[in-house]
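In what follows, a structure is listed as C-alpha cells, so that the remarks can point back to it.
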Amino acid sequence: MNDRPKWAEPSWNSEQRKHAGERYRGRNLNLSRLWTYYLGIGGDADEFALDGYLNGLLGLAPGQMRLVDTAIDELSADGQPGPVGQ
Amino acid sequence: MTETQPSPTHYLGSPSTFRVPDETHVDLTEFLTRLQDLLVENADIRDFLEDLATMTATKLTKAGNTIACGVTVIRQKKPIAIADSDALARNLDEIQNSFDDGPCLTALRTRTITHVPDVHTEQRWPEYMRVAAATNVGSILALPMELNSTAEAVVNLYSTRTHGFSHDDLLAAERVTATGAKALHLALKISQLRDARDNLTAALQSRTTIDTAVGIIMAQNRCSRDAAFQILASASSHRNIKLREVAVRIIARISGEHEISAAFEE
C-alpha cells in the first residue's frame, strides 16, 4: 500500500506489538479463545503467528494488529466463562 | 463390615504402609457404570461434579457413619466450592475458602491426602477448626484429584463422627476419588472440545457477517479490503460498539437483513 497510515510505521509496529502482548497477558486471556475470536472478526493470521506476535517474536500487518486489539478489547469486555480452573 | 479403630495420627506421608483392600471391600463396578452415564448425560461440568459429590458420599456412607462430600476447585487462582452432596459439606467448604486455609486447601495445594481425625483436638488451622467444631462435623478427610494439570480439584469428605475414617475407609476414599478424577479429567476434555467447537461456530457466523459488511464498504468507497476494515474498526471504536454489531447494522441498512448465517454442519 502506498498510502500507508501513520500507525503503520515500523516504530509504531514494535510499540503496538509490546502493548498488545502486555494487554493479552494482563487480561488472562486464553490464546485459542483469543485466536478464534480474532478469526471471527475477520482476522487472517493463524494461531501460531498470533502467538508469535503476542510474544514479541513476529510482526503482523497493521490491519491485523488492529483486529488483534479489537479482539482483546471485545473478549475481555465479555468476560471469559471458563470451565474448571482455567 | 467391622470398624477398625483408627489411629489418631493423620495419614500424610505414609501411604505406602497401607494394606491393599480386598476387592469386595470397595466394589466400584456400579460406581463406574454410573460415572459413564454421567459423562454421557451431563452437558455441564458443575452438574457433573454435583452428581460426582453425591455418588462419592453415597458410596462411602455406612450404617451409623454418614459421609458428606464437597468438591472445591481452583478457578482464577481462587478456591471455589463448586459441588456438594449436602448443606453440611457446602457450609464447611465455604467457611474454609473464606479463611483461605484449612485441611482441604492444604490437600489441594500440597497434593497430599490430609486427614483430621477429630476436629475438636486438631491443632492445625486453628481458626477454621474453631468454626468447624461448632458444626456437627467430627472428622475430615481431603483428597486431591489427579487431573494432569487440566485443573485443580479436591474432594472433601466430612463425617459427623470423630475418627469417622478408618484405614479401610481411607483406602476406599482414595480409590473412589482416583476413579472420579479420571472421569472428571475426561469430562473436562469433552467440555473444552465442546467450547472450542461452539467458539468456532460463533466465529464462522461472525466472520460471514463481517466479511459481507467489508464487501459493502469496499463497493461503496471503492477501497481495499484493508481500508474497509479500517473504516469498520474506526466506527466500532468511536461508537464503542462491537465490530460485529457495526457490521450487522451496515448490512441491515443495505438489504434489511439482520441475520446472515453461514451453513455449518454440526
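In the text below, chain A, chain B and the rest are named by the order of the sequence lines, each starting its count at 1. Everything numeric in this text was worked out from a predicted model, so none of it was measured.
Of all the listed residues (A:T70, A:D73, A:L67), the one sharing the greatest number of non-hydrogen pairs under 4.5 Å with chain B is A:L67. Note on B:I80, B:N199, B:L232, B:V214: by heavy-atom pairs under 4.5 Å with chain A, the leading option is B:N199. Note: B:A203 leads B:A196, B:A233, B:A203 in heavy-atom pairs under 4.5 Å with chain A.
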Mind running side chain to side chain contact (heavy atoms under 4.5 Å, CB included) on B:S237 and A:R66 for me, showing each step along the way? CA-CA 11 Å; B:S237 62; A:R66 185 150 191 172; 3.8 Å; yes
Given salt bridge (Lys or Arg N to Asp or Glu O under 4.0 Å), test A:D44 with B:R225 step by step and report yes or no. CA-CA 12 Å; A:D44 290 332; B:R225 182 166 176 266; 2.9 Å; yes
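Residue contact with chain A, scored on non-hydrogen atoms closer than 4.5 Å, is absent for B:T72.
For B:R239, the CZ atom sits in a loose shell: 12 or fewer heavy atoms of surrounding residues, nucleotides or ligands are nearer than 6.0 Å. Within 6.0 Å of CZ in B:R34 there are 12 or fewer heavy atoms belonging to other residues, nucleotides or ligands. Within a 6.0 Å sphere centred on CG of B:N240, heavy atoms belonging to other residues, nucleotides or ligands number 12 at most. Open room surrounds CZ on A:F48; 12 or fewer heavy atoms of other groups in view lie less than 6.0 Å from it.
A donor-acceptor pair is defined here as one N or O able to donate and one able to accept, closer than 3.5 Å; such a pair exists between the side chain of B:R207 and the backbone of A:G43. Looking at B:Q230, its side chain never comes within 3.5 Å of a backbone N or O of A:G63 through a donor-acceptor pair.
Shortest non-hydrogen contact noted between A:I41 and B:F229 is O-CE2, 3.4 Å. Closest heavy-atom contact between B:S206 and A:G40: OG-O, 2.5 Å.
Between A:L39 and B:L204 the shortest side-chain heavy-atom distance does not fall below 4.5 Å. At a threshold of 4.5 Å between non-hydrogen side-chain atoms, the residues A:E74 and B:L243 count as touching.
Considering NZ of B:K242 and CG of A:L75, their distance stands at 8.0 Å, rounded to 0.5 Å. Interatomic distance, CG of B:L200 versus OG of A:S32, reported as 9.5 Å (0.5 Å rounding).
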